[in-house]
**Q** 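First the structure, then my questions, so here it is.
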Amino acid sequence: MPTVDGLAFGGDYNPEQWEREVWEEDIALMREAGVNVATVNVFSWASINPGPGKWEFGQLDDIMDLLADGGVRADLATSTASPPPWFSHAHPETLPVAPEGHRLYYGARAEYCPHAPAYQEAVVEMASKLAERYAGHPALAMWHVGNEYYRSCFCDLAATEFRTWLRERYGDLDGLNRAWGTTFWSQTFTDWEQVLPPRACAETPNPGHVLDFRRFGSDARLRLFDSEAAAIAEHSPDKPITTNLMVTGNFAGNDYFRWGEDLNGENRLIAVDHYLIPGDEIAYEPQVAYASALSRGLAHGQPWLLMEQSANSSAWRGGGFPKRPGEQLRHSLGYVAHGSEGAMYFQWRASRYGTERWHAAMVPHGGRETKTFQEAVQLGQWLKNLAEVKGSTVEPQAAILLDYESVWAFDTPGQLSSSMAPFPELRRWHAALWKRGVVCDIAHPAEDLSRYPVVFAPSLQMLDDDANLRRYVEGGGTLVVGPFSGVMDRNEHVHPGLPGALRDLLGVRVVEHVPLREDESVALDDGTTGRLWAETAVSEGAEVIATYTEYPHGPAVFHRRIGSGRVWYLTTRPEDLNPFLDRLDLEPEFPDLPTGVETVRRTHDDGRSYLFALNHTDQEARIPAEGRDLLTDTEWTPTKPLRPNTCAVIRQHR
Ligand code: GAL
């Protein structure tokens, strides 16, 4: 965890964009707001390394000293996310190449090819120099490597690294040909030199090829992160090292569960960026809990840190989309409720120029009088009051399984139905559980799931076998499987005998998939309806719980007991998830709270427990609990009203 006292509070701070007089004011405002961490040097390559072999650390020294003197700790970034023009100009091969084969120019950010040796060497040199210089600096709290890794490149250097990666995975060309099923359309490779990134081709490309390139890209970016992290650790072995993962509910650039293996290591930290999707048709409010559920899942239940969120409108989301009064406070507490060790923002002070000149900030262009800044001051006070929460954890009642590879598989060409995307479905289940007050994690299907009483697998197309899920069910767990799950192996080859890898476990044989039109629904004899998808299926040992009343006829919902565990299979996507959820034994701690009044509990090993209550509705609510509300430092009683759009954090002992 960042070496700060209490919870982390602050944001990206770019003083290099400002005159020195403003720096003094920044520190004064940070102190007023209670900011204790600032993320610096994220996009400063051009200042600290303005030319080949030129290093100018004077400005960064001043910034670090300024922070130290002001009592603010630094989340020191390595600035490698945005090579400056001189670098791209000197090393044109480091500029990324698009799938169509043209090289992209510089002029924005993240303009690098992750596979270019010149870039790879430069970032290690940069990280090493920074670590050597600042390892002992009193402001240093933690290291922030790169920024939101996502860049892909389709150049010849990428081709070379891709081939090496493929050789490691498949051994020889026969293995690769088998995995990609190259006998289809006569795509067989006879020499490694013929193997390229999936560049734009005349028709739909080979799905295995596309899928492997995404795996490879994620691994290559992780290797980049690792190379910097290793260089830092040599000089600065005792400070946490992290990078900011994107947990917005539609981002699948990297396999973060693989990254998590790395970021959960000693002196590492899971840190995340979360930007709300406006006008989101699935659910707006539960997004904070969703992003947190994923972060907690990546951190295996251990504390994690919200590194970036927006204080108000985000310039990237079409400008509009302001946060209403109280919203950023409520959302920030939402992340903390769900296990974040603080609430950080992009960014501290609004930029006067550049693409993000209208992006929200803790200090907007209007300065300290703004509601946004005043709320930042309020939040700073609250987080100070909540310092003792640090280190406590959340105990989820359920998990929803996410496999980034299954998400990628859905993006490959040749889908049976374009409406069966995994992410929206995962978020729909999450939102339904959230509305019922059930706290859940987002977890990976291959991990040890035994700590979750119920596990949902709404959309898991790719599974080699059922081993891990079977272990979970045999150990007494309840598994709920959505349609079209387990149908393909890791190479995207359809398993013989549908539904595939899960057939034996489910005790169900699927005869035929019945994708539905978008406006179509199917009726079940329990009064519910399904949409997007149906199947004709027969029992091979499972009990039939509900049946289609018309086409496709036959069983729709199956249930099976295995030892003390149970497994459910839904052959359609229920229009309303509640009737199904009613069948499960999933009671929240406070079952009588109205929808939108959220409670989450964080607990220390010694029994100190904090009940976070967040009222997302426009009605007063009552939380039937007693203890001390740490936000207002007053006693909480069951009769006390929790006003609309406000929060309480009630200290109790369990
Ligand atoms: C993040 C990024 C920041 C800033 C922010 C604006 O994704 O890390 O640098 O661009 O978005 O919303």
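Quick note: numbers below take in every heavy atom, side chains included, and nothing from hydrogens, waters or symmetry partners. As the structure lists them, so they are numbered: ligands from 1, and atoms in each ligand from 1. Computed from a predicted model, the values in this text were never measured in an experiment.
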**Q** Distance under 6.0 Å and angle within 45° of the ring axis: does Lys239 meet both against Trp143?
**A** no
**Q** Under 4.0 Å from any heavy atom of Asp273, which atoms of ligand 1 are there?
**A**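 So the atoms of ligand 1 that pass are 8 (O).
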**Q** Measure from atom 3 (C) of ligand 1 to every heavy atom in Gln309, His359, Glu308, Glu148 and give the option owning the shortest one.
**A**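 When every heavy atom of Gln309, His359, Glu308, Glu148 is considered, Glu308 comes closest to atom 3 (C) of ligand 1.
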**Q** Please determine whether a side-chain nitrogen of the Lys or Arg among Arg214 and Asp411 lies less than 4.0 Å from a carboxylate oxygen of the Asp or Glu.
**A**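 Yes, this pair counts.
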**Q** Return the option from Glu356, His274, Met246 holding the heavy atom at the smallest distance from atom 4 (C) of ligand 1.
**A** Glu356
**Q** Does Arg349 come within less than 4.0 Å of Asp12, counting only side-chain N to carboxylate O?
**A** no
**Q** Could you list which atoms of ligand 1 come closer than 4.0 Å to a heavy atom of Phe43?
**A**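 Listed by number with element, the hits are 9 (O).
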**Q** Considering non-hydrogen atoms of the protein only, which is the closest contact for atom 5 (C) of ligand 1, and what is the distance?
**A** Tyr275 OH, 3.3 Å
**Q** Under 30°, 30 to 60°, or over 60°: which ring-plane class applies to Phe216 and His115, parallel, tilted or perpendicular?
**A** parallel
**Q** In terms of residue, atom name and distance, what is the protein heavy atom nearest to atom 9 (O) of ligand 1?
**A**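 Nearest neighbour among protein heavy atoms for atom 9 (O) of ligand 1, to 0.1 Å: Arg109 NH1, 2.9 Å.
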**Q** Centre-to-centre under 6.0 Å for Tyr149 and Trp259, is that the case here?
**A** yes
**Q** Hey, can you tell me if Tyr404 and Trp408 have their rings parallel, tilted or perpendicular (30° and 60° cut-offs)?
**A** tilted
**Q** Just which atoms of ligand 1 are under 4.0 Å from any heavy atom in Asn147?
**A** 2 (C), 8 (O), 9 (O)
